Amino acid sequence: MSAMRTRPRYLPLIEAEAGMVLGSPVQISQHGQLRYSLPAGHTLTADNLRQLAAHRAEYVFIAEADTRSDEQVAIDAAEAARRVMDIFSGADLGDPTMAALFDQVLAYRSA
């Protein structure tokens, strides 16, 4: 049995619900000091959501179940790659900074 595929998604905190799983760590700092943190893979609780709101978090990055077929995932990835290529069509991808940005945007949009 294979593990369930997940898909990352940024959500405004007001849309987050207990039971959702964090797709990346949450680290809230104030005046250079870490005030609140949760690890990637953590299942959010009602208390976590209250704490995040109290620390003025605006968004969370969750990992939600990806119910798309393998074929649909491939179609969506190809379409995302085409859109990113269009966006960067005039960019100099020989520039290391621009190439790194391209790679990050492509990875994010293809998820």
Side-chain angles (χ1 to χ4, degrees):
M1 176 185 232
S2 62
M4 180 185 295
R5 183 171 49 213
T6 60
R7 184 176 192 178
R9 190 170 121 195
Y10 278 100
L11 281 181
L13 185 61
I14 61 171
E15 293 181 20
E17 299 176 1
M20 290 181 168
V21 176
L22 290 176
S24 68
V26 171
Q27 296 183 330
I28 300 173
S29 297
Q30 186 176 28
H31 304 295
Q33 293 186 338
L34 184 63
R35 297 291 185 194
Y36 189 72
S37 68
L38 296 168
H42 177 80
T43 301
L44 291 171
T45 65
D47 185 57
N48 295 149
L49 294 170
R50 282 190 294 276
Q51 289 290 324
L52 288 165
H55 286 91
R56 296 191 173 126
E58 295 181 18
Y59 290 87
V60 289
F61 189 65
I62 62 156
E64 64 183 9
D66 187 350
T67 58
R68 298 175 297 168
S69 67
D70 290 343
E71 180 183 32
Q72 189 61 51
V73 169
I75 291 167
D76 291 349
E79 178 61 21
R82 186 195 60 74
R83 285 193 310 267
V84 173
M85 291 298 293
D86 286 348
I87 291 166
F88 282 83
S89 64
D92 175 9
L93 296 180
D95 172 30
T97 302
M98 188 59 68
L101 177 61
F102 172 83
D103 289 344
Q104 290 296 314
V105 172
L106 182 60
Y108 174 76
R109 298 289 297 177
S110 297

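Only this structure's heavy atoms are used, side chains among them; waters, hydrogens and symmetry mates stay out. On a predicted model such as this, the values are computed, not experimentally measured, just so you know. Throughout, residue positions are numbered sequentially from 1 according to the sequence presented.
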Original post:
Can Leu101 be reached from Leu93 by stepping across I, L, V, M, F, W or Y side chains whose heavy atoms are under 4.5 Å apart?
Top reply: yes
Original post:
Within a strict 4.5 Å, meaning less than it, do heavy atoms of the Arg5 and Asp70 side chains meet?
Top reply: yes
**OP:** Taking side-chain contact (heavy atoms from CB on, under 4.5 Å) as the test, write out the residues that go with Pro39, two or more places apart.
**Re:** His42
Subject >> side-chain contact (heavy atoms from CB on, under 4.5 Å) involving Thr45 - partner list, sequence neighbours excluded >> reply: Asp47, Asn48
**OP:** Using the rule that two of Ile, Leu, Val, Met, Phe, Trp, Tyr join whenever any of their side-chain heavy atoms come within less than 4.5 Å, decide whether Leu11 and Val21 are in one cluster.
**Re:** no
Original post:
Looking only at heavy atoms, which two atoms of Ala16 and Leu44 are closest? And how far apart?
Top reply: CB-CD1, 4.4 Å
Subject >> Minimum heavy-atom distance between Leu49 and Ala18, given as atom pair plus value >> reply: CD1-N, 3.4 Å
Subject >> Residue list, side-chain contact (heavy atoms from CB on, under 4.5 Å) with Glu17, at least two apart or on another chain >> reply: Met20
**OP:** If a pair satisfies side chain to side chain donor-acceptor pair (under 3.5 Å) and one of its residues is in residues 25-34, list it, with sequence neighbours excluded.
**Re:** Gln33-Arg35
**OP:** Begin with the C-alpha distance, continue with both residues' side-chain angles, and end with the deciding distance and a verdict on side-chain contact (heavy atoms from CB on, under 4.5 Å) for Leu52 and Ile28.
**Re:** CA-CA 8 Å; Leu52 288 165; Ile28 300 173; 3.8 Å; yes
**OP:** Report, as yes or no, whether the 6.0 Å neighbourhood of atom CZ on Phe61 holds more than 12 heavy atoms from other residues, nucleotides or ligands.
**Re:** yes
**OP:** Nearest 0.5 Å please: distance from the CD1 atom of Ile75 over to the CZ atom of Arg68.
**Re:** 10.5 Å
**OP:** For Asp103, enumerate each residue passing the salt bridge (charged side-chain N to carboxylate O under 4.0 Å, His left out) test, keeping only those at least two apart in sequence or located in another chain.
**Re:** none
Subject >> Set of side-chain contact (heavy atoms from CB on, under 4.5 Å) partners for Ser69, sequence neighbours left out >> reply: Glu71, Gln72
Contacts table for residues 80-89: side-chain donor-acceptor under 3.5 angstrom, sequence neighbours left out:
from  : atom 1 : to    : atom 2 : distance (Å)
Arg82 : NE     : Glu79 : OE1    : 3.3
Arg82 : NH1    : Asp86 : OD2    : 2.7
Arg82 : NH2    : Glu79 : OE2    : 2.6
Ser89 : OG     : Asp86 : O      : 3.0

**OP:** Taking ring pair (Phe, Tyr, Trp, His ring centres under 6.0 Å) as the test, write out the residues that go with His55, two or more places apart.
**Re:** Tyr36
Original post:
Got a second to check how far Glu15's CD is from Tyr59's OH, nearest 0.5 Å?
Top reply: 9.0 Å
Original post:
Do Leu13 and Leu38 share a hydrophobic cluster, counting only Ile, Leu, Val, Met, Phe, Trp and Tyr and linking them when any side-chain heavy atoms are less than 4.5 Å apart?
Top reply: yes
